[in-house]
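In what follows, a structure is listed as structure tokens, so that the remarks can point back to it.
The shown structure was predicted, so the numbers you read here are calculated from the model rather than taken from an experiment. Side-chain atoms are counted along with the backbone in the values below, which use heavy atoms only and exclude waters and symmetry mates.
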There are 2 protein chains.
Amino acid sequence: MAKGTIRLADVAKAAGVSQGTASNVFSRPDVVREEVREHVLETAKRLGYAGPSLTGRLLRAGKVNAIGVAAVEPLAYFFDDPWARALLAAVSQVCDASGTGLALVSAKDRQKLDWNIKSALVDGFILLCVEGGEKLVELTRERQLPFVALALNDDDPSIASISVDNLGGAAMAARHLAELGHRRFGMLATELSNDHVGPVGIAEIERAIYSTSRDRAFGYWRALETFGIVREDVPVYETINDKPSVEAGLDFLFSAPEPPTAILAMSDNIALLTINWLRARGLSVPQDVSVIGFDGVPEGGMVEPGLTTMAQPFAEIAQRAVRAVLEDAVPAEREMIDVTLVVRGSTAAPKR
Amino acid sequence: MAKGTIRLADVAKAAGVSQGTASNVFSRPDVVREEVREHVLETAKRLGYAGPSLTGRLLRAGKVNAIGVAAVEPLAYFFDDPWARALLAAVSQVCDASGTGLALVSAKDRQKLDWNIKSALVDGFILLCVEGGEKLVELTRERQLPFVALALNDDDPSIASISVDNLGGAAMAARHLAELGHRRFGMLATELSNDHVGPVGIAEIERAIYSTSRDRAFGYWRALETFGIVREDVPVYETINDKPSVEAGLDFLFSAPEPPTAILAMSDNIALLTINWLRARGLSVPQDVSVIGFDGVPEGGMVEPGLTTMAQPFAEIAQRAVRAVLEDAVPAEREMIDVTLVVRGSTAAPKR
DNA sequence: CTCATGAGTTGAATCGATTCAATTTCGATG
DNA sequence: CATCGAAATTGAATCGATTCAACTCATGAG
């Protein structure tokens with residue numbers, strides 16, 4: 001019938017009311033007389049009006065009612081990486097509850113990421129700064145929208161960020177194992193520097209560019225030292241959080257004359273890979289080797305034996321992050337959140 | 001300096017050019033003289049202009065450059081359910097490549113879903129119709145945007161939909177096991193009707209409201225019958241694709257006097273739960289019992305033994321779905337996609 | 001009978017960019 | 001030197017709703 005699509009103005013005219021009233025029928029129905037409202041609604045239906053156009057509404061309102069989650073990774077990362085998934089599941093729950101939309105923004109190469117961030121229809125961003133965090137922050141800043149950075153490897157106080165207590169958490173993890181009686185440890189690290197995989201020394205860790213990994217290492221060391229174990233005695237292997245590098249790390253750690261009885265894994269991902277590797281070698285967990293992870297991803301509770309780990313309170317992190325974005329995060333706000341020790345089956349006293 | 005935020009008009013005025021030119025600087029830079037362009041760009045930067053407002057641009061363009069993926073499930077479903085994840089990972093890859101944004105839309109209760117679909121800023125929808133598909137389609141229709149339904153349990157030809165060949169795939173799965181020599185089967189079904197869990201008879205399957213499950217059952221039967229196995233001899237247990245109901249189903253199947261040597265699972269999820277259950281009972285897979293799944297989720301390749309399954313070509317499905325939405329799906333288009341048998345370690349010849 | 005009250009309605013201004021026909025500028029050509 | 005065409009620029013209309021001050025019209029009080 002109509003030449004183009006039906007506009008609010010068309011409905012208003014057809015129903016014989018002003019555009020203002022027609023608008024109210026949809027966005028503030030209580031203010032218009034029931035009789036009129038029904039008539040307008042009916043007219044709208046008759047005309048096949050699809051409801052107020054969002055863009056029109058947006059233009060005036062200036063709010064999209066959605067937040068974006070961004071990372072310097074391909075989009076699929078959000079569905080593949082366990083940590084990202086756990087976090088997003090939590091974020092989506094908060095969004096669900098508050099009626100906020102969720103848009104995924106990402107790209108591995110800078111060019112595209114730039115464009116994606118520039119053109120995402122959102123009111124603010126949650127930044128997953130696992131890698132390339134500064135780039136991401138920089139790009140997002142230009143957009144002049146509120147944002148909050150998660151897991152940022154940077155202490156710039158002008159960036160609103162939420163992170164977990166890596167130092168304290170790692171210390172708690174190491175203490176747990178030491179208290180069980182372990183004395184020979186091996187550490188499997190997440191990224192410390194760019195493009196490096198392999199055994200690393202103390203000096204390299206101290207000047208690591210990724211503070212998350214560095215803090216976790218420091219935390220492990222600090223706790224172990226109270227048990228008389230010095231850093232020099234704890235071999236460390238840097239992985240890139242994937243299967244090949246973790247297995248290489250395990251080959252390295254277990255080729256030592258006195259292999260470790262406990263593995264300090266800086267992520268649950270690494271820990272889970274470790275358990276599989278040990279199993280395949282005929283080593284049983286936790287009888288032969290104890291393994292502790294970090295993050296508290298749901299997968300850790302679904303394997304046998306369950307993974308002992310330092311759990312991040314994903315729900316709380318998500319809650320705060322979303323709120324911060326929605327309420328226009330105070331830029332100087334830096335929050336630190338505690339992790340909790342979750343003891344499951346992958347840790348026990350050493351054999352003898 | 002400016003009272004509010006900087007608009008394009010402000011930049012134009014400050015740079016001493018018309019608004020039209022200023023607009024061109026950003027959206028069609030090639031058309032404006034380099035000299036002028038640089039001057040405007042510089043002015044914009046000086047003023048702290050955040051780039052053309054998306055809403056303003058949108059209003060004119062009428063395109064958001066993003067698609068929504070919707071399901072009648074809580075948002076977290078997209079990150080928790082293996083099938084949804086595999087699919088979304090594939091969809092996101094396509095989106096990434098084509099520079100299309102991705103928005104997640106969902107809600108368990110109808111009220112909210114309605115609102116979410118109405119207010120999602122997208123150019124079209126991909127509908128995950130695992131459950132409550134008709135509701136979803138109905139709601140989406142009102143929005144008058146292109147959409148394509150995946151895994152729709154309905155044969156309405158007026159709905160653009162893409163689905164896999166459940167019948168043929170299931171037949172291939174059953175044939176694979178029968179050719180290995182299996183003769184005693186047990187079937188663990190995904191939902192056939194609403195709110196029912198437990199053993200089901202042939203008649204109930206024939207009048208199942210979910211065609212996906214029904215077709216898979218028919219497919220299994222068809223193949224088995226060519227091996228002389230009649231449907232009456234294949235016990236079927238209807239699950240709701242979660243751990244408790246699957247375990248109840250296994251209790252049922254294996255309490256028979258002659259327990260099955262092969263399990264036909266209608267989803268990889270069920271198959272994986274089955275393998276765990278069997279393991280816990282001291283039954284080894286595939287020596288004691290063979291298990292075949294359906295879907296081809298990545299998890300199936302990461303467990304030991306690997307899961308034999310009928311793999312959906314997620315990448316292809318995603319590709320077609322996204323294209324259909326972006327190119328305004330011809331409503332009468334119904335596509336059927338083949339699944340392929342992926343043989344891994346969970347199936348083998350029966351013991352003797 | 002008048003006036004205040006308030007619910008309901010109207011119409012025009014507004015949000016911020018894009019677009020396109022019209023106009024100006026400039027260089028090249030006959 | 002006049003003229004033509006291409007390139008660059010301008011200005012106004014436009015997208016589709018929301019908002020708010022102003023207005024209408026009953027109703028009830030004084």
Exercise for review: Begin from the C-alpha positions of D114(A) and K118(A) and carry the test salt bridge (charged side-chain N to carboxylate O under 4.0 Å, His left out) through to its verdict.
Suggested key: CA-CA 6 Å; D114(A) 191 9; K118(A) 272 216 175 72; 3.4 Å; yes

Point to revise | I159(B)/F147(B) under side chain to side chain contact (heavy atoms under 4.5 Å, CB included): CA gap, chis, key distance, verdict | key: CA-CA 9 Å; I159(B) 303 169; F147(B) 69 93; 3.9 Å; yes

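A salt bridge does not link R46(A) to E42(A): none of the charged side-chain nitrogens sits closer than 4.0 Å to a carboxylate oxygen.
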For nucleotides 6-9 of chain C, list the nitrogen or oxygen atoms of the protein found under 3.5 Å from its nitrogen or oxygen atoms, one pair per line.
from: dG8(C); atom 1: O3'; to: R33(A); atom 2: NE; distance (Å): 3.4
from: dT9(C); atom 1: OP1; to: R33(A); atom 2: NE; distance (Å): 3.4
from: dT9(C); atom 1: OP1; to: R33(A); atom 2: NH2; distance (Å): 3.0
from: dT9(C); atom 1: OP2; to: R33(A); atom 2: N; distance (Å): 3.0

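Side chain of D123(A) to backbone of V64(A): a donor-acceptor contact under 3.5 angstrom is found. A donor-acceptor contact shorter than 3.5 Å links the side chain of R143(A) to the backbone of A120(A). Remark: side-chain polar atoms of S106(B) are paired, donor with acceptor, to backbone N or O of E73(B) under 3.5 angstrom.
For the pair L8(A) CG and dG11(C) P, the interatomic distance rounds to 14 Å; values are reported in whole Å.
Rounded to 10 degrees, the angle between the two end axes of the helix from dC1(C)-dG30(D) to dG30(C)-dC1(D) is 50°, with five pairs used at each end.
Nearest approach of F125(A) to I117(A), heavy atoms of both residues: CZ-O, 3.7 Å.
Map S27(A) and G16(B) each onto its nearest nucleotide of DNA chain D; the residue landing nearer the 5' end is G16(B). Closest-nucleotide positions on DNA chain D for G56(B) and F26(A) were compared, and the one nearer the 5' end corresponds to G56(B).
Here T55(B) lies out of heavy-atom contact (under 4.0 Å) with every strand.
Screening residues 5-36 of chain B for ring-ring contact (aromatic ring centres under 6.0 Å, His included), with sequence neighbours left out, gives F26(B)-Y49(B). For residues 12-28 of chain B, the set of pairs meeting the side chain to side chain donor-acceptor pair (under 3.5 Å) definition, not counting sequence neighbours, comprises S18(B)-T21(B). The list of side chain to side chain donor-acceptor pair (under 3.5 Å) pairs with a residue in residues 90-103 of chain A, not counting sequence neighbours, reads S98(A)-T100(A).
Along DNA chain D, the stretch of nucleotides lying under 4.0 Å from any heavy atom of chain A spans, 5' to 3', dG16(D) to dT19(D).
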